[in-house]
Colleague: 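Here's a structure for you.
Worth saying up front: this structure is predicted, and the values here are computed from it rather than measured. Residue numbering restarts at 1 for every chain, and letters A, B, ... go by the order of the sequence lines.
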Amino acid sequence: MIVGTALAAAVLSVSGAGKAGAALPPDVGATKTVESLPSPPGKHWLWVNDFVFPHMTDGTVHLLDGDSGKYLGLLSVGSSFSHVILPRDGKLVYSPEIYFSRGTRGTRTDVVTIYDTSTLKVVGEIGIPPKRVSSVPTSGNAELTDDDRFLLIYNFTPAQSVSVVDTMSRSFVGEVETPGCAFAFASGPRSFFGMCADASFLAVDLDDSGHAVRQTRTDALFDGAHDPVAEHPVRIGNTWYYVSFDGRIHPIRKSGASFVAEPAWPLTTAAERRAGWRPGGVQQLAIHAGLGRLYVIMHQGGRETHKDPGKSIWVYDLASHRRVQTISAAHPLVSIKASTDDQPLLFAIVAESNVIDVYAPTTGKLLRSIKDVGTTPSLIVTTP
Amino acid sequence: MIVGTALAAAVLSVSGAGKAGAALPPDVGATKTVESLPSPPGKHWLWVNDFVFPHMTDGTVHLLDGDSGKYLGLLSVGSSFSHVILPRDGKLVYSPEIYFSRGTRGTRTDVVTIYDTSTLKVVGEIGIPPKRVSSVPTSGNAELTDDDRFLLIYNFTPAQSVSVVDTMSRSFVGEVETPGCAFAFASGPRSFFGMCADASFLAVDLDDSGHAVRQTRTDALFDGAHDPVAEHPVRIGNTWYYVSFDGRIHPIRKSGASFVAEPAWPLTTAAERRAGWRPGGVQQLAIHAGLGRLYVIMHQGGRETHKDPGKSIWVYDLASHRRVQTISAAHPLVSIKASTDDQPLLFAIVAESNVIDVYAPTTGKLLRSIKDVGTTPSLIVTTP
Amino acid sequence: MKWLDRFTEESVRAVARRSSRRSLLAGIGALFVGAAALPLLPVARGAEAKPAPGKKPGGGTADPGDPSACDYWRHCAIDGFLCGCCGGTQATCPPGTEMSAITWIGTCHNPGDGKDYVISYNDCCGKTSCGRCFCNRNERDTPLYQPGQSNDYNWCAGSSQSNIPYHCSTARIVGAAE
Amino acid sequence: MKWLDRFTEESVRAVARRSSRRSLLAGIGALFVGAAALPLLPVARGAEAKPAPGKKPGGGTADPGDPSACDYWRHCAIDGFLCGCCGGTQATCPPGTEMSAITWIGTCHNPGDGKDYVISYNDCCGKTSCGRCFCNRNERDTPLYQPGQSNDYNWCAGSSQSNIPYHCSTARIVGAAE
């Protein structure tokens with residue numbers, strides 16, 4: 001402390017002895033030392049989720065501004081991360097996180113950490129059972145109910161269940177057993193569904209306290225044995241669009257307390273299928289409700305390439321099922337996501353890289369590439 | 001469990017229905033499911049310490065066999081790691097580790113984790129004060145006393161002290177204040193020293209319980225203002241060899257309870273100095289007592305390049321101070337370390353890479369390169 | 001390495017695809033593939049556990065190829081870091097890790113003897129990612145909602161005391177397939 | 001990027017080298033450089049804290065260059081990830097991080113006005129490495145046993161509630177040097 005004061009004196013003395021002319025003002029002296037962000041968040045912001053495959057204890061989320069390409073900030077989110085979940089006002093971030101008392105060993109602790117999107121500071125933490133699924137990141141691993149009241153988290157131990165968290169009281173409510181069924185897709189203010197191994201859907205209704213009051217299991221809604229659908233659907237209203245390995249769109253619609261399959265339609269012509277065109281990637285589908293457009297990452301390959309990246313984005317009119325546009329991507333892509341506003345951007349994760357490409361979806365033009373975004377980015381989450 | 005049994009039945013049935021001829025024997029059925037290593041460890045083993053700069057919560061240590069180039073195993077060692085310390089029998093590994101309850105936030109816990117070198121399993125843990133230095137990895141951050149009884153750990157909060165750990169009782173003994181002085185270099189069974197900012201040395205004697213009983217501070221032993229020595233010395237007996245930024249070797253010898261400077265000698269001729277030759281890297285020096293040789297990573301550059309990698313290893317005879325050999329490295333190097341046996345290998349970390357090069361020190365021949373060793377390897381530790 | 005479509009640590013491979021007992025293993029049942037089954041096998045096969053002379057794994061004509069190479073025949077359905085590059089072998093975990101109790105299963109063709117074998121891809125758990133010899137041969141993979149045949153789960157989770165941390169994957173022979 | 005010789009997160013730069021008060025700061029004293037000193041300065045300089053019109057940091061001729069570039073004049077002694085690439089600026093930390101109380105000091109020449117400035121390289125702490133815009137200009141660095149001028153310490157340690165985790169580094173003007 002004595003020496004500290006001595007330094008202060010030294011700095012003040014040299015500061016007072018500058019050359020003639022006004023010097024730049026000091027930054028040391030400004031009250032603001034830490035940035036904050038506008039609230040609510042911009043509609044062209046994106047949260048790039050990174051589970052950091054080579055160092056999975058150190059998961060991260062990178063917040064970017066798609067308009068400027070500016071890197072806005074980072075969240076540190078623990079082991080085997082999947083993705084953050086934002087409520088519709090975008091003012092908070094819910095992050096299901098796993099920690100071990102000794103990094104890769106010791107006692108496991110699962111929490112939902114709550115961050116403020118304006119400060120990126122921790123504003124709350126909710127303990128949950130140490131059962132959260134560890135898998136390739138996928139959006140069905142956690143979602144909020146349609147009124148943002150309950151956070152639903154898929155567990156796999158390998159027994160399957162869903163943890164229900166009340167965001168109002170910030171407490172764990174309980175666990176809903178979902179044997180044979182994966183994921184926790186919200187389907188209303190008090191309901192969610194899982195996808196079952198036999199291609200059926202499990203519909204679960206909750207009461208106002210978050211406890212399950214009804215479970216309804218459908219028949220198989222697609223051909224799970226011969227042409228299963230990929231995990232990642234996109235949703236408009238009460239319809240979820242899935243794509244099968246061979247490139248058929250399966251619209252699944254909520255009907256009452258259950259689900260029905262609308263007629264499936266193909267992305268490809270018979271000739272295109274013969275040429276091996278099929279969807280691929282992780283977040284293979286994107287959608288924009290206002291434009292009525294569906295975006296699909298496409299490539300050519302055999303069935304076992306159903307997760308391979310693609311350099312082509314095929315664009316479909318949801319009403320006519322017709323392909324209306326083809327975007328030739330600058331780089332092979334694994335995940336795409338459209339912003340939800342009226343002047344949307346289409347965000348994409350470039351395969352084998354930490355680069356995020358931003359496209360104008362209507363023109364297909366690559367607007368910018370944002371580099372050095374984490375280590376192994378996997379899923380994009382946008383402002384609701 | 002029922003289904004598990006069903007699978008067993010299925011596998012057994014298919015196993016019994018193979019084609020004619022003896023099938024390969026099953027591995028499922030072998031009692032050994034996890035490898036173990038010979039004990040004591042080989043003299044040509046090396047522990048490559050990696051603090052994983054882009055993901056510092058996930059520090060690692062990689063154990064390699066320098067003869068075969070085989071990767072033997074890994075330790076997960078927590079945040080802001082420096083290096084492991086081995087007792088002279090090589091049967092245990094002491095690892096000063098830091099953890100936070102929430103990865104990058106929450107409660108900090110510092111421990112010394114003890115691993116068995118044969119199983120690479122945790123066999124003990126000793127709590128220490130959460131004060132361990134976080135810095136560029138350097139060997140003086142932790143050492144064992146010469147009889148392996150006490151582990152000495154440098155603290156920087158920024159107050160400077162040394163934590164003393166009793167490896168016999170596996171307990172924290174206490175903290176020795178070392179104001180103005182850094183590091184914890186062992187200098188006997190019951191003594192260690194620190195290097196002080198004014199180029200003096202602080203000698204500390206311990207009693208049999210590990211408590212400090214005497215502190216002796218020398219005068220300056222080199223010119224800390226104009227040509228300081230790098231942090232990383234090499235040792236033979238009671239002499240520590242340091243190299244200065246400008247390339248002078250400063251032998252510092254323990255004398256009674258204190259230290260004296262032997263005459264310094266230059267690595268370079270005046271012409272070589274004019275040509276900019278100087279030492280660089282992190283672990284810049286290596287030594288082999290039996291051969292009487294000193295190895296120095298050399299490059300050309302200004303004084304501010306004193307940590308830069310070098311593509312040349314200059315070899316000196318310790319008795320005559322003459323350069324007797326020059327090894328042209330295949331790649332720029334940041335750290336070198338010689339094994340301690342009579343047929344030594346010289347290990348090297350390649351700059352900007354995760355490659356370990358293995359040289360025959362007598363011929364200067366590159367024997368092998370071991371690739372994919374961690375993320376940001378920094379320090380090499382060998383079998384004592 | 002195509003990390004993103006290929007980073008998955010494990011995959012339950014379908015012995016069912018080649019077995020008339022497929023119906024037993026399909027659906028929810030596949031969830032528990034290997035959970036209890038594999039520990040049963042050692043008892044039945046203790047006498048056969050040692051390789052026959054001249055048939056060292058990875059050596060000779062009976063088990064051809066390099067166990068550290070992605071194209072080694074047993075790796076036909078693997079997805080992860082090869083334990084043989086991490087201090088283990090194709091059949092054992094590296095020192096200090098723990099073999100997962102639950103595993104995923106593949107059926108691979110051995111060009112050395114012309115037979116098909118059921119391969120158990122047990123994960124090794126409890127340390128951070130090995131990071132060496134990433135290998136993915138992603139045939140017959142199914143989505144996560146069909147866990148028994150999906151290579152996108154981390155089977156270290158819940159399957160061992162080590163819980164989540166995934167290190168590498170082995171490729172162990174269960175037996176010859178029909 | 002020469003990560004290994006250049007990965008160091010921070011460096012205490014020697015105002016002492018340009019100051020007749022060097023003796024005050026040498027040796028053990030340098031340990032506590034900035035620990036209490038810098039918090040004193042804001043009080044003295046509150047009136048000057050706002051940039052003058054036309055002198056926006058990083059813009060105009062008075063403060064030339066790109067604060068996100070390693071060759072920006074204020075970075076003459078920086079060693080770490082530039083906060084301007086991480087959601088902060090050259091003078092502020094990214095959202096959700098915490099500025100270290102202890103800092104290392106450099107003296108940099110501003111080609112815009114021909115003056116030398118004392119620069120405080122406060123670290124931002126509490127999240128994992130930013131990983132973007134690594135920059136090292138490693139002049140006048142001293143060894144770790146001379147902490148006041150060594151760029152090899154992590155000054156997040158002990159200097160903030162966030163403790164060790166290092167995220168990025170700022171380059172803040174303290175004042176004009178003599």
Colleague: Counting only heavy atoms closer than 4.5 Å, note whether Ser76(B) contacts chain A via side chain, backbone, both or neither.
Modeller: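 Contact with chain A: backbone and side chain both.
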Colleague: Could you tell me which portion of Val122(A) (side chain, backbone, both or neither) has an atom closer than 4.5 angstrom to a non-hydrogen atom of chain B?
Modeller: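 Val122(A) touches chain B through side-chain heavy atoms alone.
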Colleague: So what's closer than 4.5 Å to chain B heavy atoms on Thr109(A): side chain, backbone, both or neither?
Modeller: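 It is the side chain, since no backbone atom gets that close.
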Colleague: Under a 3.5 Å distance rule, please check whether Arg102(A) uses its side chain to pair with a backbone N or O of Glu97(B) as donor and acceptor.
Modeller: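 Pair absent, no side-chain N/O of Arg102(A) close to backbone of Glu97(B).
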Colleague: Looking at Asp58(B), Thr113(B), Thr57(B), which has the largest count of heavy-atom pairs under 4.5 Å with chain A?
Modeller: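 Most heavy-atom pairs within the cutoff with chain A belong to Asp58(B).
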Colleague: In terms of heavy-atom contacts, does NZ of Lys121(A) have more than 12 from other residues, nucleotides or ligands at under 6.0 Å?
Modeller: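 Count not over threshold, so no.
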